[in-house]
Number of protein chains: 2
Amino acid sequence: MKRQITIKDIAIKLGLSTSTVSRALKDHPDISPKTRTAVKELAGLLGYRPNRIALNLRNNSTRTIGLIIPEIEHYFFSAIINGIEEIAYKNDYSVMVFQSDESYKREVINTQAVLTNRVDGVLVSFSKETNDFSHFQKLIDNEIPVVFFDRVIEDLPADQVVADDYHGAFLAVNHLIEKGCKRIAHFAAPQNLLIGKSRLSGYHDALLKHNIHFDHELVFLADTYETSKKAAHDILRKPNPPDGFFAVNDMSAIAIIKAAKELGKRIPEDIKVVGFENSKSAAICEPELTTVDQFGFELGREACLMLLKRLKDPTTTETFKPIKKVIKTKLVVRGST
Amino acid sequence: MKRQITIKDIAIKLGLSTSTVSRALKDHPDISPKTRTAVKELAGLLGYRPNRIALNLRNNSTRTIGLIIPEIEHYFFSAIINGIEEIAYKNDYSVMVFQSDESYKREVINTQAVLTNRVDGVLVSFSKETNDFSHFQKLIDNEIPVVFFDRVIEDLPADQVVADDYHGAFLAVNHLIEKGCKRIAHFAAPQNLLIGKSRLSGYHDALLKHNIHFDHELVFLADTYETSKKAAHDILRKPNPPDGFFAVNDMSAIAIIKAAKELGKRIPEDIKVVGFENSKSAAICEPELTTVDQFGFELGREACLMLLKRLKDPTTTETFKPIKKVIKTKLVVRGST
DNA sequence: GAAATCAATGCAATCGATTGAAATTAAATT
DNA sequence: AATTTAATTTCAATCGATTGCATTGATTTC
């Protein structure tokens, strides 16, 4: 195994001490110009690179951010990673990615991995299964700043970055109503997720505004392609089916469109559908999907910026005031409505 | 800043030396059962976690894998990350993700970042722009094993994992011919990428097999949604347009379908289209896309396994024999043909 | 010419954990 | 009781870089 060039190698070759070499490399005023240039020259020649691990140990910092995320494969999350990485990169941080695969158990292990890797801070969007948050509290107890994004929890001393879920949902449903829908179904995310609740309540309030009765029977727990397709099939076969659908994400909305078409319904003539996310797929499906743009890239950027701010100005647990940042959402109208 | 519990804290509290504590924690036979249990008990009580950074320094290893990838947002790459993460996780490795954004310059910086972070090994799929590979050679010079996947280079001492691009392309084009296509166009990736070359040659040989003239005029450089849509529009407006398309990836194929539909062509009656990737979008577009499954998840798994094998049994540069693993591809026939 | 000043460099401790070798203690043997 | 053997534990060096505090040698000042 070839050894890396160390400061010691340079010191020995030049007959100096490691301290002098160290100082020379960082332009310490004590060092004479002659030795300074000599050191720098040799360092360049040998291809010296400071050993980050040694610095990590000394500074008790790794310039690394941990990212705990349900599933990379979702467009929304990969867009977020993109935003995170951009900011991290600009600030000379690296990103370690951990997937929970929507599993609480796996997520707990992720938090442990993040601890052993001694990351400087953590960005989290937790799993659908997660109802107990003590593993995140443990991170905070270890003085590791945590920023939640998209799927957030309010009663933990941690910052939050979310899309304006309520408003986005309101816009979506309002749009359906204005387009003439009388019976609007909502395919919702689990209600332990704040996004699930917020979007439901946006749906509810938009109905309210137009004096449409809120019917529990029209709200379904369906936030994946498979569950949504099945649910849509069931619902559309029943008497008096909905003429409008507001789905909690694009894949769910696309599944509804697929199911409707399979049953011979025309979109948007018979049924109108709105999604939430504005993924690549929304622009691909037929007809193209009206959806709420969640600006994942921006969300990732903001979350990372927030974390970096905490890393720069650490606060004690006592004086910590969580900040909540809301990213505007926007309705993108396309052929499905 | 709250200090982490160290081995020293335990040693002092129990009136022992750090060496004894260290040995007790790892069940060294020299340590008496009494002290062993005492140490372990206190360690548990204080919530001691070994400082990974200190271990990193001592072992000159970080149990971290660097991943350099063009763009996370592509389904194919996120599927690969998924596979990589699964294997890494099982083997107690963490993954650091670096995106090149298809930029050579950024990729060079990524390799530097990977070096300063002292990862144990690197997985690479390089950018479209990359024609000079000395930055990867530098990694290898630093004794960091490199495994290339999908976009690989043959003349570097590094393992490779690729899909069976040639065969997949052959299958795709053969399928188009058997479905009656006489004039088949190919939307290709840049020819500096081996995948570009292999898929083109699969296309070429399938034509050859059926005694169809290979026409340079029918091969286009178009591997993104935007460029493909524009190219398809142009081609389909010309006299004697193709009746079949083989695209180098799904987004390109979907763009062709979109363009064709905009021009009033029916799919698959007037035009047949085959993609390459088998992304989520392929099952969503209308008609559903016939495509070659690239098994990104498997590919990621294999690449990571290969790297871990190199980490377990390091070879010297002299005796290094690159291994190339080929993942089988499979034609998935759907409505577009 | 002795004392004070200053520039340049080296020493040694530190970060946290590990480990070969030495030292201490206890037990067993003669 | 003296000596060997075995069982525990500690010492000190190591990984690579940094940094407060000497130390050295040269120059200036009185």
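If you're wondering where the values come from, they're calculated on a predicted model, not measured in any experiment. Reminder, nothing fancy here: chain letters follow the sequence lines and each chain counts from 1.
Side-chain atoms of T6(B) lie closest to dA17(C) of the nucleotides dT9(C), dA17(C), dC15(D). In the set dA13(D), dG16(D), dT10(D), the nucleotide with an atom closest to the side chain of T20(B) is dT10(D). Each of dA17(D), dT18(C), dT9(D) was ranked by its minimum atom distance to the side chain of L16(B); first place goes to dT9(D). If you check dT18(D), dA17(D), dG20(D) against the side chain of R23(A), the one that comes closest is dG20(D). Of the candidate nucleotides dT9(C), dC15(D), dC15(C), dC15(D) has the atom lying nearest to any side-chain atom of L57(B). Checking dC15(D), dA17(D), dA12(D) against every side-chain atom of S19(B), the shortest atom distance belongs to dA12(D). Nearest nucleotide to the R58(B) side chain, out of dT18(D), dC15(C), dA13(D): dA13(D).
OP1 or OP2 of dT19(C) lies within a sub-4.0 Å distance of a side-chain N or O belonging to K26(B). For the OP1/OP2 pair of dA7(C) and a distance below 4.0 Å, the side-chain nitrogens and oxygens of S32(A) include no atom meeting the criterion. Applying the 4.0 Å criterion to OP1 and OP2 of dG16(D), one finds that Y48(A) has every side-chain N and O outside that range.
Remark on DNA chain D: of its neighbouring residues G15(B) and L25(A), the 5'-side contact belongs to G15(B), judged by nearest-heavy-atom nucleotide. Of the residues near DNA chain C, I31(A) and T18(A), the one whose nearest nucleotide (by heavy atom distance) lies more toward the 5' end is I31(A).
Between the CG atom of D30(B) and the C1' atom of dA26(C) there is a distance of 15 Å, given to the nearest Å. dA17(D) atom C1' lies 15 Å from atom CG of N56(B), rounded to whole Å. Straight-line distance from the CZ atom of R52(B) to the P atom of dT18(C): 12 Å, rounded to whole Å. Atoms CG (N59(B)) and C1' (dA17(C)) sit 9 Å apart, rounded to a whole Å. Computed from coordinates, the R118(A) CZ to dG16(C) C1' distance equals 9 Å when rounded to whole Å. D9(B) places its CG atom 13 Å from the C1' atom of dA17(C), with the value rounded to the nearest Å. The distance between atom NE2 of H28(B) and atom P of dA17(C), rounded to the nearest whole Å, is 18 Å. Between I12(A) atom CD1 and dG16(D) atom P there is a gap of 11 Å when expressed in whole angstrom units.
Ion pairing between a basic and an acidic side chain is recognised when a charged N comes within 4.0 Å of a carboxylate O; D159(A) and K324(A) show no such pairing. Ion pairing between R151(A) and E102(A) holds under the 4.0 Å rule for side-chain N and carboxylate O. Between D27(A) and K40(A) there is a salt bridge, with a side-chain nitrogen of the basic residue lying less than 4.0 Å from a carboxylate oxygen of the acidic one.
The backbone N or O of I323(B) lies less than 3.5 Å from no partner atom in the side chain of Q160(B), so there is not a single donor-acceptor pair.
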Could you go through the side chain to side chain contact (heavy atoms under 4.5 Å, CB included) check for R36(B) and L25(B) one step at a time? CA-CA 7 Å; R36(B) 191 205 321 276; L25(B) 286 170; over 6 Å; no
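Within the 4.0 angstrom heavy-atom criterion, only backbone atoms of the sugar-phosphate kind lie near L55(A); the bases stay farther away. The residue N51(A) sits close only to the backbone: its heavy atoms come under 4.0 Å of sugar-phosphate atoms, none of a base. I7(A) comes within contact range of the sugar-phosphate backbone alone, with a heavy-atom separation under 4.0 Å but no base atom that close.
In this structure, R63(B) satisfies the cation-pi test against Y93(B), with its NZ or CZ atom closer than 6.0 Å to the six-membered ring centre and inside 45 degrees of the ring normal.
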